[in-house]
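Shown next, in C-alpha cells, is the structure this report addresses.
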Amino acid sequence: MDAAERTDLVTRYTEEVVTEAEIESLFEERDDPGVYIGYAPTGEMHIGHFTTIRKLADFVEAGLDVTVLVADLHAHLDDEKSPFELLDARSAYYQAAIEAMIEAAGSDPEAVSFVRGTDYQLEEPYTLDLYRMLAETTLSRARRAGSEVVRQSENPKVGGLVYTLMQSLDVAALEADVAYGGIDQRGIYMLAREQLPEQGHGKPACVFAPLLSGLSGGKMSASEAGSKINLTDDDETVAEKIEGAYCPAEQVEDNGVLEYLRFLVFPVLAERGESFRVDRPEEYGGDLVYDGYDALEADFRSGELHPADLKPAAADAIAAVVAPVRERLLEAPELLEDAYPGRYA
RNA sequence: CCGCCCUUAGCUCAGGCUGGUAGAGCAGUCGACUGUAGAUCGACUUGUCCCCCGUUCAAAUCGGGGAGGGCGGACCA
C-alpha cells in the first residue's frame with residue numbers, strides 16, 4: 001500500500017481531516033505513525049461509540065500504531081459523571097466493550113494498545129507540562145475549546161477546564177501523530193495544535209468522525225433511551241427502536257437510520273463481502289439488494305426505497321452487527337454490574 | 001469563620017406572604033391521520049413538595065434543627 005492508499009483508508013467515512021496533506025506526508029516519512037482516541041468511561045457505550053470504533057479497523061489496516069486511551073480521570077473531571085470509586089470498574093467495562101466492537105468490526109483487538117489515564121497522568125513529565133499549560137491558557141480559551149465536550153452547567157467546576165488541557169496534552173504524552181475522535185472534539189484538538197508546539201511537542205494531525213443523528217431526530221441524546229441503540233439491546237429492542245425512528249421519506253439529512261447504515265453497517269458488510277438485502281412486497285416492487293451505501297441513498301432520495309421497507313431491513317442488519325458485542329458483554333455480566341451497580345446489580 | 005439565597009413530576013419552574021386532598025410547559029405513553037417515523041389533532045400517566053422535630057383538627061406553606069447547592073463578606077501580620 002502506498003502513502004496515497006493509506007491516506008484514503010484513514011480519511012474515509014470521516015467528517016473532517018486536518019489536514020489530509022499532513023496525513024499523507026506522515027505516511028511518506030514513516031512506516032507506522034501513531035493515532036490515538038480517548039474515551040472517558042462514563043455512561044454505557046452505545047452505537048455512536050461503535051461507529052467511531054469501527055474506524056479503528058481502517059487505522060489498523062492502514063498500518064497505523066493505534067492506541068485507545070481509557071480516560072478514567074477525565075470521566076471524573078467532567079462534572080463527576082463517574083464517581084471516583086467506580087472508575088476502575090467502568091474502565092474495565094469500557095476496555096472489554098471496545099475490544100468486542102473492534103472484533104465485531106472485523107479487526108483484531110490485539111492490534112490495538114490500551115492505556116489508562118492514571119497510568120501516566122499522575123507523574124512527570126505529564127504533570128509538569130500540565131501546570132505549564134494551566135499557566136498559559138486563559139479561562140475563556142479553555143472554556144471554548146471544551147464547550148462541545150465537557151458538560152455545560154450553570155455552575156461549572158474547575159475540573160472541566162483542566163479536562164480540556166489534559167486531553168490536549170494526552171496527544172503528546174501518547175506520542176500520537178494523529179488525534180482521532182468525534183467532530184465534537186474539534187475544539188480541544190485545535191487547542192492542541194496551537195499549544196503543543198509552544199511546549200516543544202509535535203503538532204498533531206486530526207481525523208474527526210461524524211456524530212450520528214439520534215433516532216428521534218436531532219442529536220443523539222444519552223438521556224433519551226429511544227434516541228440510540230445500546231450495545232446491550234437485543235434484536236427485538238433494536239427492531240422497536242428503528243421502527244419508531246424519525247425517518248422522513250426521501251430525506252437524507254438528520255436521518256439516523258441512513259447514517260447508521262452508512263457509517264456502521266455498510267463498512268462492516270464490505271469487510272465481510274456481504275450485501276444489504278431489503279425484503280419488499282411485490283406490491284411495491286419486490287426485493288432489493290445493495291452492495292454499497294451510495295446506491296441505497298440514491299433510491300431513498302428518489303422515493304424508490306420507502307422507509308417502511310427500509311426500516312425492518314436496517315433493524316436486522318444493525319441488530320446483527322451489535323449482537324456479537326452484546327453476547328460478549330453478557331458472557332461477563334459482572335462487568336456491567338460492577339460498572340453500573342444502580343442499574344444492573 | 002460570618003451573612004444571605006435556593007431545594008416541588010424525567011427536565012424547567014409556578015404555588016408558599018394569608019395552612020384545607022399539589023399545578024403548568026416540555027418530555028413520556030396510547031389512539032386518529034399518514035404504506036415508517038415526524039408534524040397535527042384527541043386522550044392519559046407521572047410526586048419522599050430535600051430530611052428530622054415541633055405548632056395545629058389540618059403543614060409544600062408556619063417555627064426550630066440538619067443536609068446539599070449557590071452567592072457574598074471577613075481573614076490576608
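All of these numbers come straight from a predicted model, not from anything done at the bench.
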[N] and [M]: how far apart are their [atom1] atoms, nearest whole angstrom?
N: B:rU7; M: B:rG63; atom1: P; result: 15 Å
N: B:rA59; M: B:rC51; atom1: C1'; result: 15 Å
N: B:rA43; M: B:rA24; atom1: P; result: 14 Å
N: B:rU8; M: B:rC52; atom1: P; result: 16 Å
N: B:rU45; M: B:rG23; atom1: C1'; result: 15 Å
N: B:rA39; M: B:rC26; atom1: P; result: 12 Å
N: B:rU21; M: B:rG25; atom1: C1'; result: 24 Å
N: B:rG64; M: B:rA27; atom1: C1'; result: 39 Å

- [ ] Kindly point out which of B:rA37, B:rG35, B:rU36 is positioned nearest to the side chain of A:Tyr246?
- [x]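 In terms of side-chain proximity for A:Tyr246, the closest of B:rA37, B:rG35, B:rU36 is B:rA37.
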
Task: Out of B:rU36, B:rG35, B:rG70, whichever nucleotide has its closest atom nearest the side chain of A:Asn155 - done: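 When the side chain of A:Asn155 is considered, B:rG70 is the closest of B:rU36, B:rG35, B:rG70.
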
Short N-O contact, [X] and [Y], less than 4.0 angstrom:
X: A:Arg12; Y: A:Asp58; result: yes
X: A:Arg90; Y: A:Glu44; result: no
X: A:Asp233; Y: A:Arg326; result: no

Open item on the list: Does any part of the side chain of A:Glu15, heavy atoms only, come nearer than 4.5 Å to the side chain of A:Val207, both counted from C-beta?
Closed with: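 In short, these two side chains do not touch, never coming nearer than 4.5 Å.
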
For [X] and [N], what is the distance between atoms [atom1] and [atom2] respectively, to the nearest whole Å?
X: A:Glu154; N: B:rG69; atom1: CD; atom2: C1'; value: 11 Å
X: A:Leu258; N: B:rA37; atom1: CG; atom2: P; value: 16 Å
X: A:Ile229; N: B:rA37; atom1: CD1; atom2: P; value: 16 Å
X: A:Glu80; N: B:rG68; atom1: CD; atom2: P; value: 13 Å
X: A:Ile242; N: B:rU36; atom1: CD1; atom2: P; value: 16 Å
X: A:His306; N: B:rG35; atom1: NE2; atom2: C1'; value: 5 Å
X: A:Glu253; N: B:rG38; atom1: CD; atom2: P; value: 19 Å
X: A:Lys241; N: B:rA37; atom1: NZ; atom2: P; value: 18 Å

Task: Counterpart residues, side chain to side chain contact (heavy atoms under 4.5 Å, CB included), relative to A:Arg144 (two or more places apart) - done: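 Listed in chain order: A:Arg141.
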
Open item on the list: Give me the atom names and distance for the closest heavy-atom approach of A:Leu305 to A:Phe300.
Closed with: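 That would be O-CD1, 3.5 Å.
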
Task: Closest non-hydrogen atom pair, A:Thr164 against A:Gly146 - done: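 For A:Thr164 versus A:Gly146, the nearest heavy atoms are OG1-CA, 3.6 Å.
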
Open item on the list: Quick one about A:Glu148 and A:Gln185 (side-chain donor to acceptor, distance below 3.5 Å, no hydrogens or angles considered), yes or no?
Closed with: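 Side chains of A:Gln185 and A:Glu148: no pair found under 3.5 Å.
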
TODO: Tell me yes or no: between the side chains of A:Gln121 and A:Asp170, is some donor less than 3.5 Å from an acceptor?
DONE: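 A:Asp170 and A:Gln121 do have a side-chain donor-acceptor pair below 3.5 Å.
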
TODO: Go through the steps to decide whether A:Tyr36 and A:Tyr180 satisfy the test ring-ring contact (aromatic ring centres under 6.0 Å, His included), and finish with yes or no.
DONE: CA-CA 6 Å; A:Tyr36 114 96; A:Tyr180 170 59; 9.4 Å; no

TODO: Using heavy atoms to find the nearest nucleotide of RNA chain B for A:Lys157 and A:Gly244 separately, return the residue whose nucleotide is more 5′.
DONE: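 Upstream on the strand: A:Gly244.
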
Task: Base versus backbone protein contacts along nucleotides 4-12 of chain B [heavy-atom cut-off under 4.0 Å; B, S, -] - done: ---------

Task: Secondary-structure notation, RNA chain B, from Watson-Crick and G-U pairs under 3.5 angstrom (| other strand) - done: ((((((((.[[[[.)....(..]]]].(((((.......))))).....[[[[[..)....]]]]])))))))....

